[in-house]
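These notes are about the structure you will find just below.
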2 protein chains.
Amino acid sequence: MLKLTRKLEYALIALTHIQGQATEKIVSTKEIAETHRIPLQLLAKILQELAKHDILEAIQGAHGGYRLKKSLDEMNLTALIKILEGPIGIMDCSIDTNCVQLDICNIRKPISRVNDAIISMFDNLTLSEITGI
Amino acid sequence: MLKLTRKLEYALIALTHIQGQATEKIVSTKEIAETHRIPLQLLAKILQELAKHDILEAIQGAHGGYRLKKSLDEMNLTALIKILEGPIGIMDCSIDTNCVQLDICNIRKPISRVNDAIISMFDNLTLSEITGI
DNA sequence: ATTAAATACGACTAAAATAATCGGATATGC
DNA sequence: GCATATCCGATTATTTTAGTCGTATTTAAT
Ligand code: SF4
Ligand code: SF4
């Protein structure tokens with residue numbers, strides 16, 4: 001309940017790690033995985049996903065790896081979550097319309113306010129505020 | 001990710017329903033389940049849990065059911081979540097100490113601030129603000 | 001007393017979401 | 001050519017959430 005996924009944490013750890021290196025340094029998945037004890041294959045797929053969305057630049061081949069492609073203060077937490085997990089929302093009806101209670105729900109409005117508050121908090125949180133400038 | 005559980009929603013729906021009735025009226029699980037299309041057995045267990053924690057008063061036997069025992073503006077969302085789901089926290093290390101990244105985690109502090117903000121938001125939200133006065 | 005309607009509760013099963021792994025392809029520096 | 005990377009679809013494993021079952025107990029009404 002209300003937990004961040006491991007994928008998201010690994011992504012934030014990796015971004016933080018990369019940002020801590022010299023700007024032009026190419027950082028390999030292996031380096032990050034070993035430093036932070038993250039399963040290599042899983043991290044690999046996460047970084048690929050981030051590369052696909054232009055957050056990282058991938059350099060293939062031997063001595064390859066990743067570099068930051070986008071400045072982290074240009075992107076908020078909401079965007080990262082959307083990339084890795086899809087649409088956000090603390091209840092089903094904030095995402096789709098399949099809930100059987102939908103038309104008779106007596107808590108939808110108040111819960112929706114809570115949802116908005118959380119989303120707006122994530123909207124206002126840049127990744128660099130998490131990874132540290 | 002970051003979803004409220006169904007159990008919690010059902011609890012809030014039920015509390016809202018009960019609060020909408022005359023103060024002394026005894027409301028049966030069946031009435032709530034049918035009105036809101038909630039699986040009866042599941043709702044039953046939830047209400048038992050709430051009764052065990054003195055939020056509801058259970059009246060057994062024929063024509064039995066539940067009544068509010070505690071005023072809903074005396075309790076916040078955090079308390080309800082704790083009863084139904086246990087300790088809150090958006091990351092594992094806010095609850096236990098088993099995370100393998102714990103000692104080397106580079107995002108723990110910033111994530112912890114996010115966590116605190118959410119918890120504090122829930123702390124300041126009374127149940128009556130959700131169920132409607 | 002008997003019956004019907006209700007709560008109480010532990011055990012169980014099912015479904016869904018999350019986490020991790022596997023196997024092979026492709027790219028590139030040396 | 002070989003070692004070291006990214007790339008990527010498919011699969012499996014694990015955990016969490018959701019829902020069900022069976023049975024016992026309580027109590028009002030008849
Ligand atoms: S309609 Fe009500 S029960 Fe259904 S998802 Fe929205 S808030 Fe939850
Ligand atoms: S230590 Fe880091 S990785 Fe582990 S749970 Fe806490 S924040 Fe997440």
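Atoms considered below: every heavy atom in the structure, side chains included; atoms not considered: hydrogens, waters and symmetry mates. Note on naming: letters A, B, ... go to the chains in the order of the sequence lines (proteins, then strands), and numbering restarts at 1 for each one.
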Less than 3.5 Å apart, which donor and acceptor atoms pair up between the side chains of residues 116-123 of chain B and the rest of the protein, not counting sequence neighbours?
{"residue": "B/D123", "atom": "OD1", "partner": "B/T78", "partner atom": "OG1", "Å": "2.6"}

Any chance you could list the contact pattern along nucleotides 15-26 of chain C? Use B for base contacts, S for sugar-phosphate-only contacts and - for none, protein heavy atoms under 4.0 Å, 5' to 3'.
-> ---SSSBB----
With sequence neighbours left out, the residues meeting side-chain hydrogen bond (donor to acceptor under 3.5 Å, both in side chains) with B/S128 are B/T126
Below 4.0 angstrom, N of the basic side chain to O of the carboxylate: do B/D103 and A/R37 qualify?
-> yes
So the contacted stretch of DNA chain D, first to last nucleotide with an atom under 4.0 Å from a non-hydrogen atom of chain B, runs from D/dA18 to D/dA29
Could you note down all residue pairs passing ring pair (Phe, Tyr, Trp, His ring centres under 6.0 Å) where residues 39-79 of chain A supplies at least one of them, sequence neighbours left out?
-> none
Could you tell me which residues satisfy side-chain hydrogen bond (donor to acceptor under 3.5 Å, both in side chains) with A/E57, sequence neighbours excluded, listed by chain and number?
-> A/R67
Select base, sugar-phosphate, or nothing to describe what A/G61 touches, counting heavy atoms under 4.0 Å on all strands.
-> base
Proximity to DNA chain C (any heavy atom under 4.0 Å), residues of residues 12-34 of chain B only | B/S28, B/T29, B/K30
Indicate, with a heavy-atom threshold strictly under 4.0 Å, whether B/I59 touches base, sugar-phosphate, or nothing.
-> sugar-phosphate
Those residues that, when tested against A/E74, pass side-chain hydrogen bond (donor to acceptor under 3.5 Å, both in side chains) (two or more places apart) = none
Residue pairs passing the ring pair (Phe, Tyr, Trp, His ring centres under 6.0 Å) test with at least one member in residues 1-29 of chain A, sequence neighbours excluded, are A/H17-A/H36
What residues join B/I59 in its hydrophobic cluster, counting side-chain heavy atom gaps under 4.5 Å, either direct or through other members?
-> B/I26
Under the salt bridge (Lys or Arg N to Asp or Glu O under 4.0 Å) rule, what pairs show up with a residue in residues 88-102 of chain A, not counting sequence neighbours?
-> A/D92-B/K3, A/D92-B/R6
With sequence neighbours left out, the residues meeting side-chain hydrogen bond (donor to acceptor under 3.5 Å, both in side chains) with A/T5 are A/E85
